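A short worksheet on the structure shown next.
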Amino acid sequence: MKRLIAFSILFFITLTAQAVSPETVEMLIAGFDEPALRDDFARGVRQIAGQWRESDGSDEEFCNFCKIHFIADGEEKRQVFERISSYLEAVYGYTTDMAVSLQWFTTIDDGPEFEIDRKFTAYDPGRHFKDDMFRNKTAFHIGLNFPEIPLEEKNALGDDRLAWAYARLGDVFAHRDPEGVGETASDAYARGEIYISNYNIYMGALVDEKGRKLFPDDMVLLSHWNLRDEIKSNYGRPDGVEKQRMVHQVMNRIVSQEIPRQVINSDTFEWNPYSNETFLGGEPVSLEPEGTERYRRVLDNFHELRRYDKPGEYAIDRHFNREMEISEAEVVSLLTGYLATPELREVGEIIARRTGRPLEAFDIWYDGFKARSSLDEDMLSDITRSRYPDAQAFEDDLPNILTTLGFSPERAEYLAARIAVDDARGSGHALGAARKGSLSRLRTRIPDSGLDYKGYNIAIHEFGHNVEQTISLYDVDYYMLSGVPNTAFTEALAFVFQKRDLDILGMGGGGDGEARATDVLDKAWSLYEICGVSLVDIRMWQWLYANPGATDEELKKEVINIAKEVWNDYYAPVFGTRDQTILAVYSHMINYPLYLSAYAFGQLIEFQLENHLEGKDFATEVERIFRQGRLTPGAWMLGATGEPLSVEPLTATLREVLAAYRD
């Protein structure tokens, strides 16, 4: 998962009341004496008039500012653009580097963690940058000459790369923070990150109703990532279903917050997640439940983001309309449309036949369609531990991984030299550099025994992010176009890499028709799972805005209700069971607000990319596609594959595969 540092989450935010009178604005525009540039002048003037405050000056001072600083000469404008780009690269790049250093001891397993580490983690070195740029009028200077343009105009820019770059610069200062906010948002995100990164379950301390321990004493799994992956790893094992049911019950207790607080990140007590009883030295002890802390973290984020709202525009709108550039309505329509796909019932029947039992709720993570499902995970872990005993060994092997995927030795060395591997405290994530000369960071959890297969699989996913981050920073023609349209697009390449993890180990399953069919079934089922999780996340935020005064206890009850409703509407017809809460277990709901739908879109994009890549040179196409940079989603997809983003390619292929299964 691509990690978002705090100040980037709030990149696009709202403005305050206009201080310049509308009459002044219209008189200023009418008096502009260059007709060919009047539309450009008018757009810039109107934008910064909406951001200008009384403290910035009088109407007369505003008019003088616009007359003095509007750039009419095209060549001068291009040169100014290049200067601004270099300044922003320095600011974004070095503040990102500072954030990496300040967050080091809370994110990286590098010695004990102290309270002072949490204090520095919560400090955001880029917090005041936009405020400062408005106060010294630099933001007005930029907005006047490079104003925001509507999405439909961006999509019509075609191949004019400079115009695209101007448009992306126009996004930077398109909105001004309301006065007096922003001081505590980073604190809330930092608290959520620390909470999640330390939410470990000591599996060796779990007991079932018979007092049996099913897991090794030294197994420690982070919620929810490692718990989910433990469920995936147990398909096909003789005792697998017992372990899966126990992990599922742990998840239920986390969602309900009935989990005893003292068993989180500790093996002091034995815990039976079925009865919720706890023991010390074999004797029953009474421990307090976690209560509502999970939901208190969500409320912290909600109340911080609300401070950036204005009438009619809320955090949900900002996230989808501005960051993802896909409307909330479009996202919800895609999610619910896919969840209602009738063929998913037939995929569920195939899974039930393969497992030899009726579907259970945890089978939303059925992993038996993948090539690795027929392999012994312990054997795979022996291979990965031997190859990667520590983070340095994985970093040293990055060039080899890339050449295995088809990159030339020169390009492999070029890309790998710009990526560092760190041993994470929490789950894996990737943090991209924001300036040329800095390193992108690949984080994955590496035990003392070496990188097990689960960690390796995550690391290959994160490496896909890092390759995107490096190509779209170093090899894009304009800095303002660095990156991808939104986080779904970097998730797509991460999924493409992750799918090839066995190929990298020299154990690929080939590309015959059966492998292709099972790959389609796997993608269809995986998208089914993440669409439901994403819908729960969105509905939670919709409810929060409808109930802004909610308590953490009320939020907990509502999230559980939402999870059950989504399950009953879209999963009960396939699974045959009702009122399941497992869709609310994702940790992203606490530390990455509204992020989950990026995975759903990422999987759709991945499917279309894989279709496009079939029969082509993998490395050449990956580099071409991600050199496009941060276009809009629609323009990027057309440039990458020649087709718009749609669920139809996957559903059409699924119908073909199921027809073959029936025959």
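Please read all numbers here as calculations on a predicted model, not as lab measurements. Atoms considered below: every heavy atom in the structure, side chains included; atoms not considered: hydrogens, waters and symmetry mates.
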Check against salt bridge (Lys or Arg N to Asp or Glu O under 4.0 Å), R161 and D477: CA-CA 8 Å; R161 299 286 293 176; D477 44 1; 2.8 Å; yes

Y366-W525 aromatic ring centre distance below 6.0 Å: no

Under 3.5 Å: donor-acceptor pair, side chain of E529, backbone of I364: no

Atom pair CG (L451) and OG (S386), whose distance is rounded to the nearest 0.5 Å: 11.5 Å

Distance (rounded to the nearest 0.5 Å) between L527 CG and Y599 OH: 14.5 Å

Verdict with reasoning, V647 to L604, per side chain to side chain contact (heavy atoms under 4.5 Å, CB included): CA-CA 7 Å; V647 74; L604 284 176; 3.9 Å; yes

Main-chain N/O of L596 paired to S534 side chain as donor or acceptor, under 3.5 Å: yes

Side chain to side chain contact (heavy atoms under 4.5 Å, CB included) between R500 and L405, intermediate numbers included: CA-CA 8 Å; R500 290 161 172 76; L405 292 173; 3.8 Å; yes

Residue that, paired with F601, satisfies side-chain contact (heavy atoms from CB on, under 4.5 Å) out of T487, L334, N486: L334

Chi angles and distances behind the side chain to side chain donor-acceptor pair (under 3.5 Å) call for D363, Y235: CA-CA 10 Å; D363 288 320; Y235 284 100; 2.5 Å; yes

Expected output: side-chain E413 to main-chain E410 donor-acceptor under 3.5 Å: no

Backbone N/O of F114 and side chain of D117: donor-acceptor pair under 3.5 Å: yes

Side-chain donor-acceptor contact under 3.5 Å, S472 with E468: yes

Distance-only donor-acceptor check, side chains N226 and E230, under 3.5 Å: no

cation_pi(R168, Y478) dist<6.0 Å, angle<=45: no

D519/F369 under side chain to side chain contact (heavy atoms under 4.5 Å, CB included): CA gap, chis, key distance, verdict: CA-CA 7 Å; D519 182 57; F369 292 128; over 6 Å; no

H224 NE2 to Y586 OH distance, which is reported to the nearest 0.5 Å: 4.5 Å

Chi angles and distances behind the side chain to side chain donor-acceptor pair (under 3.5 Å) call for E462, N466: CA-CA 6 Å; E462 304 309 333; N466 294 134; over 6 Å; no

F120 atom CZ, neighbour heavy-atom count above 12 within 6.0 Å: no

Stepwise side chain to side chain donor-acceptor pair (under 3.5 Å) test for T106 and E193: CA-CA 9 Å; T106 59; E193 177 67 24; over 6 Å; no

R245 NZ/CZ over F362 ring centroid, <6.0 Å and within 45° of normal: no

NZ or CZ of R418 within 45° of Y414 ring axis and under 6.0 Å: yes

Y202 vs N265, side chain to side chain contact (heavy atoms under 4.5 Å, CB included): CA-CA, chis, key distance, verdict: CA-CA 7 Å; Y202 281 73; N265 210 31; 4.1 Å; yes

K616 (side chain) donor-acceptor with H612 (main chain) under 3.5 angstrom: yes

Parallel, tilted or perpendicular, as decided by the 30° and 60° cut-offs, for the rings of F497 and F463: perpendicular

Closest non-hydrogen atom pair, G629 against W636: O-CD1, 3.2 Å

Derivation of the side chain to side chain donor-acceptor pair (under 3.5 Å) call for R387 and N400: CA-CA 12 Å; R387 187 176 293 190; N400 177 60; over 6 Å; no

Check: R435/S438 side-chain N/O donor and acceptor closer than 3.5 Å: yes

Check: T490 main-chain N/O paired with H465 side-chain donor or acceptor under 3.5 Å: yes

